[in-house]
There are 2 protein chains.
Amino acid sequence: MPPQEPTHDHGLAGEDLHVTVGRRLRVVGMRYSRSRRVVVDVLATAGRPLTLPEILEAGRPADDRPLAQSSAYRNVGELVDAAVVRRVDSGDDHARFELHESLTGHHHHLVCDGCGRIEDFEVPDEFEARVADLVAAVADRGFRVDAHRFDMVGRCADCA
Amino acid sequence: MPPQEPTHDHGLAGEDLHVTVGRRLRVVGMRYSRSRRVVVDVLATAGRPLTLPEILEAGRPADDRPLAQSSAYRNVGELVDAAVVRRVDSGDDHARFELHESLTGHHHHLVCDGCGRIEDFEVPDEFEARVADLVAAVADRGFRVDAHRFDMVGRCADCA
DNA sequence: CTTCCTGCAAAAGTTTTGCATTAAC
DNA sequence: GTTAATGCAAAACTTTTGCAGGAAG
């Protein structure tokens with residue numbers, strides 16, 4: 001992947017993001033604490049799914065105090081439950097996390113087998129319409145689809 | 001998911017499978033040992049992606065001696081490298097493993113958020129043709145696609 | 001103020017590794 | 001016979017948890 005745009009253009013920017021997240025947390029009785037704000041900031045800035053060690057690393061200079069590891073694990077888990085963060089599986093060792101699609105817009109992933117990096121990409125509406133057809137088809141089999149994942153796995157430009 | 005067909009109909013059956021796997025391993029200088037055979041048998045019989053604990057559990061009565069945990073981990077890793085096994089991410093805690101698509105045929109997954117089970121499903125050729133279009137599109141961005149994943153996530157009939 | 005969240009440190013899991021023995025070929 | 005694979009047990013990691021002190025609302 002050539003260095004792409006810093007972040008999604010379908011997503012909420014800067015302060016709006018925090019307002020939205022804050023509201024969403026309040027609704028479920030959670031506080032928007034400093035460390036949760038750091039996690040959200042780090043993920044928004046990265047614009048791609050990060051592993052927990054990456055979040056910790058990126059969160060260090062983001063504020064005076066470093067992010068405690070246990071808090072990061074706890075925060076990420078709670079933010080996933082609150083539909084602020086989404087877990088993305090990378091195929092390698094670590095799970096990765098990104099902002100929830102309700103905040104960034106629906107997208108898919110290019111997963112590099114070489115370096116493990118994941119980049120976002122969007123597909124034509126026409127393709128999503130085909131996916132909707134499939135969702136209807138499996139509903140007939142008794143399976144209720146809540147979400148779908150479509151990832152392309154291969155080699156990015158750097159690892160080719 | 002209603003109890004579906006026991007296994008893939010596009011895949012190699014019984015002895016053919018072992019012959020093919022044995023040949024594939026020999027080519028890369030690996031032996032087709034008892035425990036590797038058990039792992040392949042377990043995955044072929046399950047017909048759906050299994051976690052490592054599930055493989056160990058299923059492999060126990062499969063032969064006189066139980067599968068050692070360290071061997072199972074090593075075997076699965078080596079079989080992945082040899083393109084006999086494929087890793088599938090389930091979204092929950094454990095990674096899952098299934099036979100490589102070159103042995104079972106190309107397919108996609110229905111992932112149940114409730115029980116974590118993954119079932120296979122196949123999509124129309126027409127859909128795969130659309131995927132091929134997308135592969136071509138990202139190739140223009142410098143990303144070489146080797147494989148794709150398309151999973152539907154939701155609730156199976158039992159967990160609805 | 002009250003309740004939730006943090007940070008530490010310990011516990012619980014999971015996966016990997018070293019090495020003598022066993023089994024493939 | 002050679003050489004790779006196994007099995008055990010220990011080590012290395014990752015993730016979770018309990019709890020006293022601190023911060024959010």
Side-chain angles (χ1 to χ4, degrees), chain A residues 18-19 21-42 49-57 59-60 62-82 84-85 87-97 116, chain B residues 18-19 21-42 49-57 59-60 62-82 84-85 87-97 116:
Chain A
H18 287 300
V19 171
V21 171
R23 190 165 39 226
R24 195 168 297 183
L25 292 183
R26 212 170 309 120
V27 167
V28 295
M30 288 171 62
R31 296 173 183 173
Y32 199 16
S33 64
R34 189 193 76 93
S35 65
R36 286 178 187 159
R37 211 173 286 262
V38 171
V39 170
V40 169
D41 260 330
V42 164
L50 300 182
T51 63
L52 239 136
E54 285 171 342
I55 294 172
L56 283 167
E57 174 59 29
R60 187 159 38 194
D63 204 339
D64 42 330
R65 251 172 321 160
L67 210 45
Q69 196 180 51
S70 61
S71 299
Y73 273 101
R74 262 191 289 233
N75 283 331
V76 167
E78 293 156 342
L79 291 172
V80 167
D81 292 342
V84 167
V85 167
R87 180 191 172 124
V88 176
D89 289 301
S90 49
D92 64 6
D93 25 4
H94 293 272
R96 287 170 184 270
F97 301 91
Chain B
H18 287 299
V19 171
V21 171
R23 189 164 41 225
R24 195 169 298 183
L25 292 183
R26 214 169 308 120
V27 167
V28 295
M30 288 171 62
R31 296 171 183 174
Y32 199 18
S33 63
R34 189 194 75 92
S35 63
R36 287 178 186 159
R37 211 172 287 260
V38 171
V39 169
V40 169
D41 260 330
V42 164
L50 299 182
T51 64
L52 241 136
E54 285 172 342
I55 293 172
L56 283 166
E57 174 60 30
R60 186 160 37 194
D63 203 340
D64 42 329
R65 250 172 322 160
L67 211 43
Q69 197 181 50
S70 62
S71 299
Y73 274 99
R74 262 192 288 235
N75 283 331
V76 168
E78 292 156 343
L79 292 172
V80 167
D81 292 342
V84 169
V85 167
R87 180 190 171 124
V88 176
D89 289 300
S90 49
D92 65 4
D93 26 3
H94 293 273
R96 286 169 184 270
F97 301 91

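In what follows, every chain begins at residue 1, and chains take the letters A, B, ... in the order their sequences are listed.
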How many whole angstroms separate atom CG of A:Leu52 from atom P of C:dG13? 20 Å

Okay, side chain of B:Glu54, backbone of B:Thr51: is any donor-acceptor separation there less than 3.5 Å? yes

Under a 4.0 Å heavy-atom cut-off, which of residues 21-33 of chain A touch DNA chain C? A:Met30, A:Arg31, A:Ser33

Reckon B:Glu78 touches a base, only the sugar-phosphate, or nothing at all at heavy-atom distances under 4.0 Å? nothing

Shortest side-chain distance from A:Tyr73, nucleotide among D:dT15, D:dT6, D:dT17: D:dT15

The residue, B:Ser70 or A:Leu67, whose nearest nucleotide of DNA chain C is more 5′ is A:Leu67

Side-chain donor or acceptor of A:Ser71 under 3.5 Å from a matching atom on the base of C:dC5? no

Checking D:dT6, D:dT14, D:dG7 against the side chain of A:His94 (C-beta onward), the nearest is D:dT14

Verdict with supporting geometry, A:Arg60 and A:Leu67, side-chain contact (heavy atoms from CB on, under 4.5 Å): CA-CA 6 Å; A:Arg60 187 159 38 194; A:Leu67 210 45; over 6 Å; no

Spacing of A:Ile55 atom CD1 relative to D:dT15 atom C1', expressed in whole Å: 14 Å

Could you state the CD-C1' distance from B:Gln69 to D:dA11, rounded to the nearest angstrom? 14 Å

Would you mind reading off the distance between B:Arg74 atom CZ and D:dG7 atom P, rounded to a whole angstrom? 9 Å

Assuming nearest nucleotide by heavy-atom distance, tell me which of B:Pro53 and A:Arg36 is located more 5' along DNA chain C. A:Arg36

Min side-chain heavy-atom separation B:Arg37-B:His18 under 4.5 Å: yes

Please round to the nearest 0.5 Å and tell me the distance separating atom CD1 of A:Ile55 and atom CG of A:Asp41. 12.0 Å

Distance (rounded to the nearest 0.5 Å) between B:Met30 CE and B:Leu25 CG: 5.0 Å

How long is the line joining CZ of B:Arg34 and C1' of C:dT22, in whole Å? 12 Å

To the nearest angstrom, how far is B:Asn75 atom CG from C:dT16 atom P? 13 Å

Under 3.5 Å, is there a donor-acceptor pair between the side chain of B:Arg36 and the main chain of B:Arg31? yes

Short side-chain to backbone donor-acceptor contact, A:Arg96 and A:Leu50, under 3.5 Å: no

